[in-house]
Structure formats: structure tokens, C-alpha cells
Amino acid sequence: MSGNNYTVSCPTCGKINTLRGKSMTRALTCQHCKIYFRTGNWDTSTVEFVYEEPQALPIGARGRIDGFVYEVIGFTIKQEYKYHFRWREYLVFNPFRGYAFLSEYNGHWNFVWPIEEDPLVHKSDDTIQYEGETFHLYQMYSAKVVHARGEFFFDVFDMTASTTNKEYIAPPHMLAQEKSDDSILWCKAEYFKPSEIAEAFSVPLSSLPSREGIGYTQPFQSQYSKNALLIFTVLIILFTFIVHLTVNNTASDKVVYSGVFRKEEMADQKMIVTPSFELKDGTKSLEILISAPLSNDWFFSEFTLVNETNGTEYNFAKEIEYYYGTEDGYGWSEGSRNGEAFLSQIPEGKYHLNIYPEFSFTTDTFDLTVKRDVPMNANFFVTLIGLLIFPAFYFIRHHYREQQRWSESDYTPYE
Amino acid sequence: MNWEDIKGLKFYLLYCLLLIGFFVYSGMTGWKWYNDTPTESERPATSGRSGHIYRYHK
């Protein structure tokens with residue numbers, strides 16, 4: 001290796017290479033013969049890469065990330081030893097910000113930059129608390145460089161081979177640790193969409209690899225946070241519960257008619273006509289409570305609620321039955337001696353009931369109570385279901401996507 | 001929860017308000033959405049809208 005004015009000659013082909021990184025460049029691939037070599041005399045060996053893949057961002061490409069213009073200096077393809085998956089890393093440089101990386105795997109991009117702090121200070125159980133976020137261990141691996149182009153501020157080939165890596169995620173962020181025998185480098189990363197990379201480097205989106213699956217730092221796309229939806233859902237349910245109590249408490253639950261009827265009083269009549277009763281306060285519900293002293297028996301009746309003002313009739317029927325006994329020494333019963341019929345939205349006015357009872361053999365009496373504007377609970381539970389549909393769908397989808405995210409990890413919490 | 005979250009949840013918020021509004025209206029007018037008492041109403045001919053109306057689960 002020889003050269004000056006930020007040029008070096010290739011130890012293999014002897015041709016001159018001009019260095020973009022000037023004196024900072026420690027290793028590079030020859031622009032002519034592609035051989036990898038170091039710029040100093042500390043290691044004069046060279047590496048020839050056989051494996052090759054298309055490079056989405058060319059050496060020298062410039063892009064604005066977080067307000068700073070970075071230039072692509074180097075490009076590597078790394079391969080993990082255990083599962084042999086490969087990913088691509090672009091070394092980018094800004095004179096004021098220093099170096100950083102753009103890492104791409106399955107079309108998912110991360111902008112990775114070194115940090116000074118040691119996040120492990122807060123480590124517990126493979127999690128790290130850092131800058132208000134909880135990072136979970138996602139993967140631990142060793143890798144090698146299988147392809148390189150451009151320049152590097154360190155010996156990327158040897159450094160990659162001699163380090164073990166741990167990556168902790170808190171989408172869209174990641175903390176990555178590169179540990180060798182004598183050094184630890186911590187980096188923080190943030191997920192970038194391909195469209196953001198394409199826009200930053202002014203390259204067509206179609207020239208970037210298509211996204212496959214879910215990136216391990218890819219955030220769950222929504223315009224609100226999971227916690228915000230959770231808090232909002234709890235608040236809205238509390239609010240609905242208060243509204244429900246208020247509506248039920250304002251229900252008058254007023255008895256507008258009650259009577260006791262006996263079979264013998266009917267003589268040969270098939271129908272009982274109740275005295276008139278007044279329903280007030282607009283349109284409200286009406287509940288008819290029926291009770292009979294049933295003993296292994298049933299009672300059935302048809303009813304007609306007649307609006308004496310306009311002649312509208314509401315026909316309904318109700319049957320109650322109650323049976324009991326003992327079997328194998330144990331008592332049993334089924335049914336009830338009481339029942340109720342519910343009529344929705346009955347307008348105010350003067351009404352009476354026509355009752356067509358059918359007595360069985362042993363029952364010859366029944367009680368009837370008519371209540372106006374009764375409290376209801378069923379609508380509340382239906383409303384709750386309606387309110388919870390969207391959050392339930394969201395959280396199920398979120399869970400499914402998290403499962404997908406962790407499917408390639410040895411440390412998945414979803415097993 | 002911040003303003004951006006609330007903006008993101010605006011359609012869900014609107015849906016919740018409509019549902020709760022409907023719930024309140026139903027409660028105030030005694031409308032039980034799932035009523036297990038089948039009811040048949042009949043209006044007199046003089047009202048101009050005579051005939052049977054079956055209002056199951058009214």
C-alpha cells in the first residue's frame with residue numbers, strides 16, 4: 001500500500017484509489033479490482049469477495065436524514081453464522097455528525113448510530129430501560145462479512161468476525177451491542193420506511209428491495225399509541241357506565257296498574273278487561289309482571305294492550321311454568337312462578353289490558369302488575385360490546401403482528 | 001395520551017359518541033334492543049295506517 005493526498009494504490013492491481021474518507025479511511029475495496037485491503041501496514045492481507053448482491057444505494061449517494069446530509073461511504077453484506085440470514089449495511093458519513101449505518105433486511109431499513117452511554121446500567125431479565133423505553137432482547141449472533149464495497153473507518157472484515165452482537169428492540173427503536181474481547185460498542189437504531197429512504201436519497205422507490213413480512217423494529221402503524229387507545233377505552237366505558245346509571249336512576253319504574261285474578265270470577269267469560277290506566281311522560285317502556293302459584297304446572301295468557309285514545313292495540317303472550325321434584329335423593333326445580341313481558345316504546349295515553357288467560361288443572365289464580373318506564377340493563381351490555389369491537393380488533397391484530405415480529409427470534413415471548 | 005392520539009382516535013371517538021347517544025335515546029324512550037317478548041301491534045282503520053305490524057325484538 002502506498003499513496004498520498006488521500007490516495008492509496010491497490011496492493012493487488014497497483015491502481016490508484018482516491019479516498020472519500022481521506023485520512024479516516026482504514027480499509028477499502030479497490031475501485032478497479034474489488035479486492036479488500038487495509039490502508040496501513042498493520043495488516044497487509046487482502047480479501048476477495050465472491051458473493052455479490054445488487055446495491056440499492058451506490059457509493060457516493062447523498063441523502064438527508066434527520067436534517068443532516070450523509071454520504072454513502074461503504075457497503076457490506078453480512079451473514080449470520082447460525083441461521084445464515086444475510087442483511088446489508090451501508091456506512092454513511094456526515095462531517096459534523098460522524099459515521100452511522102443504514103441497515104436493510106427484507107426491505108426494512110434501520111438508521112443506526114453509535115451512542116456514548118452504556119444502556120446496560122438499567123438491564124434486568126434481558127430488558128433494558130433506556131431513554132424512557134423498554135427494550136427487549138431480540139437476537140444474539142455472530143456474523144461475517146461476505147461482500148464489501150467502498151471505504152470503512154475501521155477494519156469491517158476483522159471487526160465483524162471478532163464480535164458478538166446483541167440486539168434489543170422497542171419498535172421503532174433498537175439498541176445494538178457489538179462486543180469483542182477488548183471493546184463494546186453500543187448503537188441505537190430507528191426504523192425507516194423504504195419510501196423515507198427513497199425520498200432521503202432521491203432514488204426511485206422501485207429500486208429499493210420490497211418489504212417482506214414485518215421488520216423487527218417496524219412500528220405498528222397507527223395514528224395513536226396502544227396505551228392511548230387503552231386509556232381512552234377505559235374512560236369511555238366508565239363514562240358509559242355512569243350514563244347507564246344516570247338513565248336507569250331517572251327511570252320512574254312506576255306501577256300503573258296491579259290486580260289479582262281468579263278463575264271462578266271469570267265464569268264463562270274468555271277475557272278479562274282491566275280498568276283503564278294512564279301512561280304519562282311521552283314514549284316509555286312498559287313491563288307486565290305475571291305471577292301464579294304454580295306447582296308442577298303452567299300458566300299461559302295472551303294480552304292486548306289497548307290505547308283508548310287512538311285504538312292502537314299491542315298483542316303479546318306470556319307463558320310461565322314451574323316444575324320441581326326429587327330424583328335420587330336430590331331436589332330439583334325448573335322454570336319460575338313469575339314472568340315478565342316487556343313492551344318497548346309505548347306512547348303516553350289512556351290504556352287498558354285485555355287478558356285471555358288459559359288456566360291449567362291446578363292453577364286458578366294469577367297476579368298482574370304493570371310498570372311504566374322500567375330500568376334496563378340489556379342495552380348497556382350491547383353498547384359495551386359495540387364500544388369494545390374496535391379496541392378488541394386492534395389488540396388482536398396488534399398481538400398477531402407482534403407474534404409475526406418475534407417469529408424469527410430465539411427470545412420470543414409468544415411461545 | 002396527547003393531542004395527536006386524540007386526533008388519531010377521532011373516528012372512534014365519533015363512533016362512541018353516536019353509539020352512546022343512541023344508547024341514551026333508547027334508554028329515555030324505553031327501547032329495548034333485544035326484547036324477547038314478541039309484540040304485534042294493530043292500528044285502527046280510522047288512523048289511515050291500519051293493519052298488523054310485527055315488532056319482534058322491538
Side-chain angles (χ1 to χ4, degrees), chain A residues 222-225 227-233 235-237 239-240 243-244 246-248 250-251 282-288 303-305 307 310-318 340-347 372-384 386-387 389-391 394, chain B:
Chain A
S222 63
Q223 296 171 310
Y224 43 85
S225 69
N227 284 343
L229 178 60
L230 193 65
I231 292 168
F232 182 80
T233 304
L235 290 177
I236 206 78
I237 286 172
F239 176 70
T240 310
V243 167
H244 169 61
T246 306
V247 171
N248 267 4
T250 56
T283 299
K284 300 284 183 185
S285 62
L286 202 68
E287 189 175 51
I288 294 89
F303 301 85
T304 301
L305 176 70
N307 184 326
N310 59 22
T312 302
E313 296 180 352
Y314 302 87
N315 303 309
F316 56 96
K318 190 66 192 174
E340 68 281 329
F342 189 94
L343 304 183
S344 289
Q345 292 187 301
I346 302 299
R372 175 69 160 165
D373 191 16
V374 294
M376 294 183 292
N377 292 319
N379 287 1
F380 172 66
F381 293 111
V382 176
T383 303
L384 276 190
L387 294 173
I389 285 174
F390 173 72
Y394 175 92
Chain B
M1 188 154 63
N2 54 37
W3 180 242
E4 287 302 312
D5 288 325
I6 293 170
K7 278 203 295 185
L9 286 165
K10 61 180 180 291
F11 292 114
Y12 179 50
L13 177 64
L14 184 66
Y15 164 77
C16 289
L17 290 177
L18 286 173
L19 186 59
I20 293 169
F22 188 55
F23 167 68
V24 171
Y25 166 76
S26 302
M28 298 304 287
T29 60
W31 181 3
K32 198 176 190 177
W33 297 337
Y34 289 96
N35 186 4
D36 59 0
T37 304
T39 308
E40 172 194 338
S41 71
E42 185 180 350
R43 291 189 177 86
T46 52
S47 72
R49 294 176 63 192
S50 62
H52 287 78
I53 298 171
Y54 293 91
R55 296 197 294 188
Y56 294 103
H57 306 296
K58 167 187 162 189

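Excluded from the calculations below are hydrogen atoms, water molecules and symmetry mates; all remaining heavy atoms, backbone and side chain alike, are included. Here is the naming used below: chain letters follow the sequence lines, and residue numbers restart at 1 for every chain.
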Within-4.5 Å side-chain heavy-atom neighbours: [X] and [Y]:
X      : Y      : value
A:F232 : B:L13  : yes
B:Y12  : A:L229 : yes
B:W33  : A:T383 : yes
A:I236 : B:I20  : yes

Exam field: side chain [X] to backbone [Y], donor-acceptor pair closer than 3.5 Å:
X      : Y     : value
A:S344 : B:W31 : no
A:K284 : B:M28 : yes
A:N315 : B:T39 : no

Chain A contact via B:Y15 - which portion, at a heavy-atom distance below 4.5 Å: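 The side chain, not the backbone.
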At a 4.5 Å cut-off on heavy atoms, which part of [X] comes close to chain B: side chain, backbone, both, or neither?
X      : answer
A:F380 : both
A:L235 : side chain
A:A378 : side chain

Atom pair CG (A:N307) and OG (B:S41), whose distance is rounded to the nearest 0.5 Å: 11.5 Å
Rounded distance (nearest 0.5 Å) linking atom CZ of A:F239 with atom CG of B:L17: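 Here the interatomic distance stands at 7.5 Å.
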Partner chain B: residue of A:P391, A:A251, A:P375 with the largest heavy-atom pair count (under 4.5 Å): A:P391
Winner by heavy-atom pair count (cut-off under 4.5 Å) against chain B, out of A:T283, A:V382, A:N379: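 The candidate making the most pairs under 4.5 Å is A:N379.
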Intermediate values then yes/no, side-chain contact (heavy atoms from CB on, under 4.5 Å), A:L387 and B:L19: CA-CA 8 Å; A:L387 294 173; B:L19 186 59; 3.8 Å; yes
Worked check of side-chain contact (heavy atoms from CB on, under 4.5 Å) between A:H244 and B:F23: CA-CA 8 Å; A:H244 169 61; B:F23 167 68; 3.6 Å; yes
Non-hydrogen atoms of A:F342 and B:N35 that approach each other most closely: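 For A:F342 versus B:N35, the nearest heavy atoms are O-ND2, 2.7 Å.
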